[in-house]
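A short worksheet on the structure shown next.
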There are 2 protein chains.
Amino acid sequence: MSVIEQAQRARVAAARLAVASRKEKDAALRALADALEARAAEVLAANAQDVAAGRAAGMSDALVDRLSLTEARIRGMAGGLRQVAGLPDPVGEVLRGYTLPNGLELRQIRVPMGVVGIVYEARPNVTADAAGLCLKSGNAVLLRGSGTAAHSNAAIVAVLREALAASGLPADAVQLVDASTRESVKELMRARGLVDVLIPRGGAGLIRSVVEESSVPVIETGIGNCHVYVDAAADLPTALAILLNAKTHRPSVCNAAESVLVHADVADEFLALALPALRDAGVTVHGDARTVRAGQAVGVPVEEANDDDYAAEYLSLDLSAAVVESLDAAVAHIGRYGSGHTEAIVTGSQAAAREFVARVDAAAVMVNASTRFTDGEEFGFGAEIGISTQKLHARGPMGLPELTSSKYVVTGDGQIRL
Amino acid sequence: MSVIEQAQRARVAAARLAVASRKEKDAALRALADALEARAAEVLAANAQDVAAGRAAGMSDALVDRLSLTEARIRGMAGGLRQVAGLPDPVGEVLRGYTLPNGLELRQIRVPMGVVGIVYEARPNVTADAAGLCLKSGNAVLLRGSGTAAHSNAAIVAVLREALAASGLPADAVQLVDASTRESVKELMRARGLVDVLIPRGGAGLIRSVVEESSVPVIETGIGNCHVYVDAAADLPTALAILLNAKTHRPSVCNAAESVLVHADVADEFLALALPALRDAGVTVHGDARTVRAGQAVGVPVEEANDDDYAAEYLSLDLSAAVVESLDAAVAHIGRYGSGHTEAIVTGSQAAAREFVARVDAAAVMVNASTRFTDGEEFGFGAEIGISTQKLHARGPMGLPELTSSKYVVTGDGQIRL
């Protein structure tokens, strides 16, 4: 079946989902979870094929780990679906409502988007997560996963579709798009009018190509060149704890810190503290001349940084570093190199915090907290479909409300415009 | 100056506007209004050049009217700017806020988009309106008007920029983009990273080309193939009043009705009432076989409708008409031909209204009211930058909040992720 035919079927399914009650959707989500657990053996067998093919093709251990499913991971997927069933239904929420002078009653109501396309890489658990979030928010979903996870995704989607149909909702609410060619992504990107939004999740190359080529509206996700700015008024042990956490807690994710900026007034003292601690944590620092000198003073080697370092999303135990003369210079540096994801300031000064928050242009600004907190679960959303780094529609972690649009409902008793 | 250079200057201006207080912005808006009135003669002289050129090129009277400025229209533009000054500032509004279990205080705050690009046709008053709305919402704006209004727009923007600078805000917050070539629109569409959102306002061709070619996020506006559905349970005189208003009050705008659907149970009675009234109002009806027969019965000629008629946004005193067997058939017809702008039902049945509202997929659904009410002023927004017919970010009339994004501000005292 072509992607266009799949999208047409998805639209039909979406019309049904749009009027599904919360009770129906939650029952279906629980049925999906039960089915995944009951048929874990099928899914694991399919996954074993993908893993064997991946190993044969020389896939790295890290990628094989991301690709691999286990009984526990399948229980995790099922648990995620049950958790989504427990979240409030965003559909039907009244966002605005009042009566106009002419007696018209105006309400703005959350409604599903319709058909959501998700293009993602590697991890097959995204398949169940995304399907669950879309179902709960009343959307049909077209899932275009990675070719390397094709058997796993096919098995998961087969289970989900059968369980959907058994619970009285359309199986076409969840469809897997052919992952064997790039052409299917292109078809998704051209399906304006059939697909309401496209969410790319994965590496920078994937996201850039979708953003640039799609005529379907796109929500850009997840590139994070996040900074920790250590202000002149920072408590230095707090700053160090935050920096170490932001850099080393999970270096491969988008909310990990990639760069530290240190105010000149505290640079010597902070770097003398931080450089040995970073080294002990296995971090390689790429710094400006002053950071290199500070490294020499404490016997810690610091690589000389260039422009590429400051622009890099390392996703590894590397960290760029620069000493800045002022908060203003820190804001300018972030404006130049940041990706608009998460920026943190460590300071005891209310004025500095206020200025940094107002002037830094990012989805999330942390004051005296680790960049690692930019996350749907941590923010209390209960689930997350990705982290938007664009300004249109959604910015920052996206939960269920971000998968909805709205509709104005205006009720009168014969009003005409005069 | 190239569009890219203009966009870079706009970004610098936007950084300043993002931290401008409401007091500064409102004072500037009032200064802009005063300047427009004080320098009306300059603007009128420039407009006279455009009008003369338009007439020489054989522009239609309707277009010449849209292009023409008068003292009264300039006062109207100034009045619009003062009205925007009086509206609440959307920037800084707290959209969500709570304290997380670990003590982090999370707030989601409205912030400006940054740089807004607007591509529009003909009417030079859009120049001042759009500049005012963008300024109030803290955005820099790149205005790409019509070549036919180039002198008028240049004069208006010159006045606005001088007044901005005099009030201490950057003149580059309002810039006019070269309207002499299509290339400038293409440059705007490729300025991802510099321009945060592009809003095309104008004809279907303009909007389609921007939507399809832009890598900058776009908000699609204003195509309206709006239906009035006369339900079996409609009060027929009410239905007729709404239909006449929706079709004839201002046929050239996007919220005018283009099609009427009549439930078979009341078709004969309603059409016997409506067809003569529509004829008397100068409306040409394009109907299905049953409507044609109903016309013959009352001596009113009805053109035979084809698929193109049902798909048409006439923007004239033409109306397509069809008799439908059920509310279900009406919803299906609207799903097939509607543009997702505004759909109206006239009914006395609560159940019918509820079903129509739930199932029709449009920016606005009217119950017993004219489609003409889909409008920022009518909805009580105080101003409008356009009417979005897409589902991402904004749907329906867009006021000041729709010109903003948001930012999460998370404040702690040293929290790290465990």
If you compare all heavy atoms of P217(B) against all heavy atoms of L392(A), which two are closest, and at what distance to 0.1 Å?
CB-CD2, 3.5 Å
Walk me through whether V111(B) and R395(A) qualify under side-chain contact (heavy atoms from CB on, under 4.5 Å).
CA-CA 11 Å; V111(B) 297; R395(A) 197 177 192 204; 3.6 Å; yes
Against chain B, work out which of T374(A), D413(A), L104(A), V410(A) has the most heavy-atom pairs shorter than 4.5 Å and name it.
V410(A)
Selection from P101(B), G348(B), S406(B) maximising heavy-atom pairs under 4.5 Å formed with chain A:
S406(B)
Would a distance-only check, ignoring hydrogens and angles, find a side-chain to backbone donor-acceptor pair under 3.5 Å from R372(A) to R417(B)?
no
Who wins among R359(B), M366(B), E378(B) for the most heavy-atom pairs under 4.5 Å with chain A?
E378(B)
Under 4.5 Å from any heavy atom of chain B, what part of L244(A) do you find: side chain, backbone, both or neither?
neither
I'd like to know which of R190(B), Q108(B), E220(B), Q390(B) tops the heavy-atom pair count under 4.5 Å against chain A.
E220(B)
For P397(A), is it the side chain, the backbone, both, or neither that has a heavy atom closer than 4.5 Å to a heavy atom of chain B?
both
Which portion of V211(A) sits near chain B, non-hydrogen atoms under 4.5 angstrom
both
Relative to chain A, which of V346(B), I416(B), I219(B), V197(B) shows the most heavy atom pairs under 4.5 Å?
I416(B)
Heavy-atom distance under 4.5 Å to chain B: side chain of V331(A), backbone, both or neither?
neither
Is it the backbone or the side chain of V357(B) that comes under 4.5 Å from a heavy atom of chain A, or both, or neither?
both
Shorter than 4.5 Å, heavy atoms on both sides: which option in D375(A), V216(A), T404(A), T342(A) has the most such pairs with chain B?
D375(A)
Okay, A362(A) and chain B: the region with an atom under 4.5 Å from a heavy atom over there is backbone
So, taking the atom named NZ in K391(B) and the one named CG in N139(A), what distance separates them when rounded to the nearest 0.5 Å?
8.0 Å
When heavy-atom pairs shorter than 4.5 Å are enumerated against chain A, which of E402(B), Q415(B), H393(B) gives the highest number?
H393(B)
For chain B, which of P237(A), P112(A), S215(A) has the most heavy-atom pairs under 4.5 Å?
S215(A)
E212(B)/R192(A) salt bridge by N-O under 4.0 Å criterion
no
Would you indicate whether R22(A), at its atom CZ, is surrounded by more than 12 heavy atoms from other residues, nucleotides or ligands within a distance under 6.0 Å?
yes
Under 4.5 Å from any heavy atom of chain B, what part of R250(A) do you find: side chain, backbone, both or neither?
neither
Counting heavy-atom pairs under 4.5 Å with chain A, which one of A369(B), A363(B), A239(B) comes out on top?
A363(B)
So which part of N102(A) gets closer than 4.5 Å to some heavy atom of chain B, the side chain, the backbone, both or neither?
side chain
Donor-acceptor pair, distance only, cut-off 3.5 Å: does the side chain of K407(B) make one with the backbone of V360(A)?
yes
Heavy-atom distance under 4.5 Å to chain B: side chain of S405(A), backbone, both or neither?
both
Interface check, chain B: of D361(A), T411(A), T238(A), most non-hydrogen pairs under 4.5 Å belong to T411(A)
side-chain contact (heavy atoms from CB on, under 4.5 Å) assessment of V365(B) paired with Y408(A)
CA-CA 6 Å; V365(B) 183; Y408(A) 287 99; over 6 Å; no
Bottom line for L106(A): the part with an atom under 4.5 Å from chain B's heavy atoms is side chain
Sort F379(A) into side chain, backbone, both or neither according to what part of it lies under 4.5 angstrom from a heavy atom of chain B.
both
Toward chain B, the part of L100(A) with a non-hydrogen atom under 4.5 Å:
side chain
Taking the six-membered ring of F381(A), is NZ or CZ of R96(B) closer than 6.0 Å to its centre and within 45° of its axis?
yes
